[in-house]
Amino acid sequence: MLKIFVLIKQVPSLHNLQIDKQTGTLIREGVENIINPDDLYGLELGLSLKEQYGGEITAITMGPPQAEFALRECLSMGVDKSLLITDEQFAYSDTLQTTLVLKETFHKIKDYDIIITGSQTSDSSTGQIPFQLSEALDIPLITDIFTMEIENNIFKCHRNFGHESQNISVELPILIRVRRHFNEPRHISLSGIKRAFEKEIEFNDFNTFNCPEYLDGCNKSPTNVVKTEKIVIKRKNEIIEGNFNEKVQKLLKIMQEHGIERIWTGDMI
Amino acid sequence: MNFELTEQQKLVRRSVRKFAEEVLAPVAPTFDREAKYNGYIVKELSKVNLFGIQLPEKYGGADLDSISYAITIEEISRICASTGLMLSVHNSVGAYPIYNWGTEEQKERYLPDIATGKKISGFSWTEPNAGSDAQGIECIMVQKGNDFVLNGSKIFVTNGAIGSVILIGTRYKTNDGQNGIATIILEKDMEGYEIGQPEDKMGVRGNITTSLYFNNIRVPKENILGSLNDGFRIAMQTLDVGRIGIAAQALGIAQAAYEHSVEYSKGRIQFKRPISQFQGISFKLAEMSTKIDAARLLIYRAAFMKDTKKRFSKESAMCKYYASKIARQVTQEAIQIHGGYGYMKDLPLERYYRDAKVTEIYEGTSEIMKLIIAQQILRGNL
């Protein structure tokens with residue numbers, strides 16, 4: 001039986017996203033939280049693998065207690081079990097600290113075949129977790145999958161990137177990083193919702209793990225977010241005056257000033 | 001007292017909203033314009049179990065509470081009122097009476113197919129000569145041996161074209177001379193069941209409304225819902241439930257018109273500022289928001305009373321009367337805020353206005369709603 005684990009994160013919805021001007025961090029209070037959009041592709045892959053090959057699928061997230069709602073959403077989609085890793089000690093964890101906590105989590109789980117992640121989160125966009133976690137667990141990382149099949153503990157897939165494609169076959173366990181739009185995530189069915197709220201969610205905290213010394217999100221994260229800024233793009237309007245030839249010459253000059261060096265100036269004029 | 005939705009109800013809202021925005025929004029204007037309903041949508045609705053919202057899991061339903069049901073109809077109608085109508089009628093006045101008054105045999109025969117949407121259900125009482133005067137129906141079934149033979153017709157049947165299990169009210173006459181009103185279950189493929197031409201309607205055009213003609217239909221006793229003479233009471237109690245759904249449909253339409261109005265008034269510049277900064281417009285927004293909120297609370301209360309097994313005839317009439325009235329007002333004001341743009345078919349505002357109007361008419365007109373409320377008050381239910 002396949003043991004599938006999908007890693008998800010609860011993120012603030014991109015509608016009305018605000019930044020705290022004092023601390024430079026995202027304001028999360030009073031903002032609607034959703035499952036990170038990229039993770040939905042991972043959930044869909046996990047669910048379809050389960051449907052095809054049988055097995056059990058667990059959603060895991062690390063975050064504050066309210067992330068429980070994101071796990072309820074996963075359960076509504078058809079996930080069998082869920083695990084919330086939450087502790088004040090893990091607050092402000094960067095990707096490395098998060099990876100270390102996840103490493104401990106999977107050492108404790110022991111029995112896993114496929115771990116699935118999305119490509120990145122919409123609130124920090126680092127995309128580092130799948131790479132770091134596969135290193136930490138010392139299992140192969142498979143990215144850019146296109147088609148796949150599983151046979152006798154061997155995962156065979158077709159990878160596709162740009163002009164190249166590759167057929168690989170690898171022994172489980174593996175970590176799969178799913179790219180955006182790889183599949184069409186299913187909608188939550190109303191009948192899944194009641195069942196989701198009847199299920200137990202497993203909680204892990206700091207004391208669940210045996211080697212807590214280096215797990216300290218706040219103090220031992222090597223990465224610090226110094227500043228977050230909202231990028232404002234303002235359009236500049238400039239009216240180019242003159243006759244046709246003068247206008248073209250002025251336009252070419254402006255384009256060159258903005259770093260466009262190779263301009264075709266054939267017989268068009 | 002707590003005005004917060006439960007986490008489960010919040011997830012219902014979020015899931016249905018996402019579904020409606022992604023699946024129904026692209027097709028809703030076409031349903032209205034072409035007055036057609038595309039069958040593939042039924043499959044999509046079925047995938048997320050919208051045909052068995054409150055039916056028990058045993059029959060394939062989602063087994064949700066009545067507030068979740070109201071939220072679902074609101075969110076669907078916010079995007080497509082025609083689909084909201086189909087689901088409201090199917091779930092409340094179609095499926096509910098079979099579940100509530102049906103024999104176990106009837107439940108097992110109909111509910112699993114109803115819950116998946118394989119069979120769309122409906123409920124029809126109105127006839128050419130019987131609308132608000134519900135006792136004035138003329139359909140008649142006369143006993144012949146063990147069965148009855150039904151003749152007559154129904155008009156303005158919601159889900160008339162796609163419905164395959166339709167409950168109707170009819171007069172009856174037994175061999176031993178008893179008569180009265182019965183509610184019976186008809187199936188589309190019964191001999192003598194004929195579907196009329198689609199009506200050309202002002203709004204909710206994506207739901208194909210038809211007449212139904214019954215020519216010597218043989219109705220076995222197994223198709224009678226509840227006891228023979230219980231038909232009128234079943235119908236009235238069924239409509240109490242149905243009105244929560246119609247109120248939620250009206251609310252969804254109003255909510256859509258309101259959201260468009262807020263968005264538009266913030267972006268529309270006249271006299272060098274957004275029109276939302278003029279009191280004439282901002283007061284309209286304030287009124288819309290207040291009315292919508294009041295309607296929503298009335299609906300949730302009626303739904304709550306139903307779930308807690310209290311009598312809710314008055315409350316359901318109140319929520320239907322009020323929500324349909326404010327839906328008409330809000331959609332009208334929304335067009336006013338949009339000015340000429342609101343009057344054009346490029347924007348959905350005029351559709352909302354047309355869709356809203358009928359909520360003051362079907363499942364009991366506003367006048368009948370006030371009659372029910374007044375009767376309750378004067379009986380001492382202050």
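Quick note on labels: first sequence line is chain A, next is B, and so on, each numbered from 1. Treat the numbers as computed from the prediction; the structure is a model and nothing was measured.
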Tell me if the [atom1] atom of [X] is crowded by more than 12 foreign heavy atoms within 6.0 Å.
X	atom1	answer
E200(A)	CD	no
F106(A)	CZ	yes
E198(A)	CD	yes
K118(B)	NZ	no
Y53(A)	OH	yes
F146(A)	CZ	no

Between [atom1] on residue [X] and [atom2] on residue [Y], distance to nearest 0.5 Å:
X	Y	atom1	atom2	value
L50(B)	H187(A)	CG	NE2	10.5 Å
Q9(B)	I193(A)	CD	CD1	10.5 Å
E73(A)	K10(B)	CD	NZ	12.0 Å

Q) Any residues in residues 243-265 of chain B near chain A, with a heavy-atom distance under 4.5 Å, and which are they? A) none

**Q.** Contacts of residues 52-78 of chain B with chain A (heavy atom under 4.5 Å)
**A.** I53(B), E57(B), G61(B), A62(B), D63(B), L64(B), T72(B)

Q | Part of K18(B) lying under 4.5 Å from any heavy atom of chain A | A | both

Q.
Is R195(A) close to chain B through its backbone or its side chain, or both, or neither, when contacts mean heavy atoms under 4.5 Å?
A. side chain

Q: For residues R72(A) and L11(B), report the shortest heavy-atom separation together with the two atoms involved.
A: O-CD2, 3.9 Å

Q) If you look at every heavy atom in V16(B) and L190(A), which pair is closest and at what distance? A) CG2-CD2, 3.8 Å

Q) Hey, does R14(B) have a side-chain heavy atom less than 4.5 Å from the side chain of I34(A)? A) yes

